[in-house]
Structure formats: C-alpha cells, structure tokens
Amino acid sequence: ASEALSGNPQWYLVPVGLALIVMAALLRWTRRQSGREIATSDVVALELAGVGLIAGAALVQTATDSLGYAVLAIVEGVCIGLWGAVTKVRRRLAAGAGVVVAAVVLLITVPLLPLLPEWRGAALWVAVAGLGLAAIIIATFIERGRAKVGAWVASLSEAMNDWE
C-alpha cells in the first residue's frame, strides 16, 4: 500500500487526523448526553492534534515540495472552519481560520525565500526600511480600527454565546 501511495504523508495523516476530530466530536456528544463538562483538556487535545495532523503535512509540504500544497491547506482549513461553524464549536472554527492564515502566509513568503541571499548592501536596508514602514502603517490602521474591531468582536462573541 505504501508503494501505491507514493510515500505522500497526506494519505496517512489526513485520515488519522479526521479520525481524531471525529473521536473528539463523539466525546462531546456523549458528555453532552450525560450532562458532564464538554470541552475538557482531553477533548481539546484530541481536536488540536487532529487539526494538526490534517493540515500539518500540507503546510510542511508547501515549504518543502510545492506551493500547490498551500491551496490544499487552505481547502482543509476552510473545511475545518465550516465544520466548526456548523457544529458550533469555536475552537474548530478558530483552528480552521488559523490554518488558512498560515497557508496564505506560506504562499506569500515561500517564493520570496530564494531572494534573501541576493539582498545585500543598499537593497537590504531598503527592504528593512520598507518592512518597518509597513509595520508602522499596519499598526496605525489597527489602532484606528480598534473600536470597530472591538464592536465586531463583541457582536461575534454575542452571536457565539451558545457555542462550545
């Protein structure tokens, strides 16, 4: 079987990760039925391990093999996030969003890595100054939008009041 699957870790890790998330969902369901606490550390660990196994291989392969795996990681993250939204589990929704953000960051930064050794002298300092300026602009926008984001987070928190 391993020869037929060409050694790609996706064939092994995604089913194992999916099984862990399903086990966590079953644990949540049985605990809800018996009236016990639902989101305990063992359920959280199972869920996070499952997400890590599902998306981790694609994220690593984005950096080591091909940028196409970033698209796979984005799809996996969206599916995990949608599952979290449908089942009303905040942690799953946040994990899915985190996977999507990590995949997009890798999709942007991995192609730039071969350029790093070529930047010397003035080009390096211009790049550092540009990154510093970008960080200041981003911080300014974050500060200006803080009240709007706070109101949005409050409304999102209110909408997710009955979520786990």
Side-chain angles (χ1 to χ4, degrees), residues 1-119 127 131 134-135 138-139 142 149 152-164:
S2 66
E3 289 176 18
L5 300 175
S6 72
N8 191 336
Q10 297 292 327
W11 293 104
Y12 303 105
L13 296 178
V14 171
V16 171
L18 188 58
L20 288 177
I21 292 178
V22 168
M23 284 175 42
L26 289 172
L27 271 173
R28 284 178 185 275
W29 181 77
T30 57
R31 288 182 179 174
R32 190 177 300 110
Q33 297 300 319
S34 64
R36 294 186 296 169
E37 187 179 349
I38 298 169
T40 57
S41 61
D42 56 342
V43 175
V44 172
L46 272 175
E47 210 153 39
L48 293 179
V51 170
L53 287 173
I54 289 173
L59 292 173
V60 169
Q61 285 178 299
T62 298
T64 60
D65 194 11
S66 168
L67 289 178
Y69 285 106
V71 175
L72 177 62
I74 290 171
V75 169
E76 291 170 346
V78 166
C79 289
I80 292 167
L82 285 175
W83 189 9
V86 168
T87 58
K88 295 185 176 184
V89 178
R90 287 185 210 148
R91 194 167 289 105
R92 250 184 244 149
L93 179 65
V99 168
V100 170
V101 168
V104 168
V105 167
L106 284 173
L107 193 59
I108 293 170
T109 57
V110 167
L112 297 176
L113 291 178
L115 299 176
L116 287 179
E118 296 175 14
W119 290 358
L131 286 173
I138 290 170
I142 288 172
V149 170
W152 180 76
V153 168
S155 68
L156 183 64
S157 178
E158 184 179 319
M160 293 181 168
N161 248 352
D162 61 336
W163 287 31
E164 294 176 25

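Every value quoted in this text rests on a predicted model; they were computed, and no experiment measured them. Positions are given from 1 along the sequence.
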request  = Quick one: pull up CG in Leu59 and CD1 in Ile74 and give me the separation to the nearest 0.5 Å.
outcome  = 9.5 Å
task = Determine, stepwise, if the pair Arg91 / Leu48 fulfils side-chain contact (heavy atoms from CB on, under 4.5 Å).
result = CA-CA 8 Å; Arg91 194 167 289 105; Leu48 293 179; 4.3 Å; yes
message = Using 0.5 Å steps for rounding, measure from the CG atom of Leu72 to the CG atom of Leu67.
response = 13.0 Å
note = Minimal heavy-atom distance between Ala70 and Leu107, with the atoms involved, is CB-CD1, 3.7 Å
ask   = Hey, does Val78 have a side-chain heavy atom less than 4.5 Å from the side chain of Val100?
value = yes
query = When rounded to the nearest 0.5 angstrom, what distance separates CG in Asp42 from CD in Glu47?
reply = 11.0 Å
task = Can you see which heavy atom on Val16 is nearest to which on Tyr12, and at what distance?
result = CG2-O, 3.2 Å
ask   = Which heavy atom of Leu18 sits nearest a heavy atom of Trp83, and at what distance?
value = CD1-CZ3, 4.1 Å
inquiry  = Give me the atom names and distance for the closest heavy-atom approach of Gly77 to Val99.
reply    = CA-CG1, 3.7 Å
query = Hey, what do you get for CG (Leu106) to CD (Gln61), rounding to the nearest 0.5 Å?
reply = 12.0 Å
query = Taking all non-hydrogen atoms of both residues, which atom of Ala58 and which atom of Glu76 are closest, and how far apart?
reply = CB-OE1, 3.7 Å
message = Within the 3.5 Å criterion, strictly below it, is a donor on Thr40 or Arg31 matched to an acceptor on the partner's side chain?
response = yes
From Ile54 atom CD1 to Ile80 atom CD1, the distance as rounded to the nearest 0.5 Å = 4.5 Å
request  = Quick one: pull up OG1 in Thr87 and CG in Leu82 and give me the separation to the nearest 0.5 Å.
outcome  = 10.5 Å
Heavy-atom closest pair, residues Leu53 and Gly17 = CB-CA, 3.8 Å
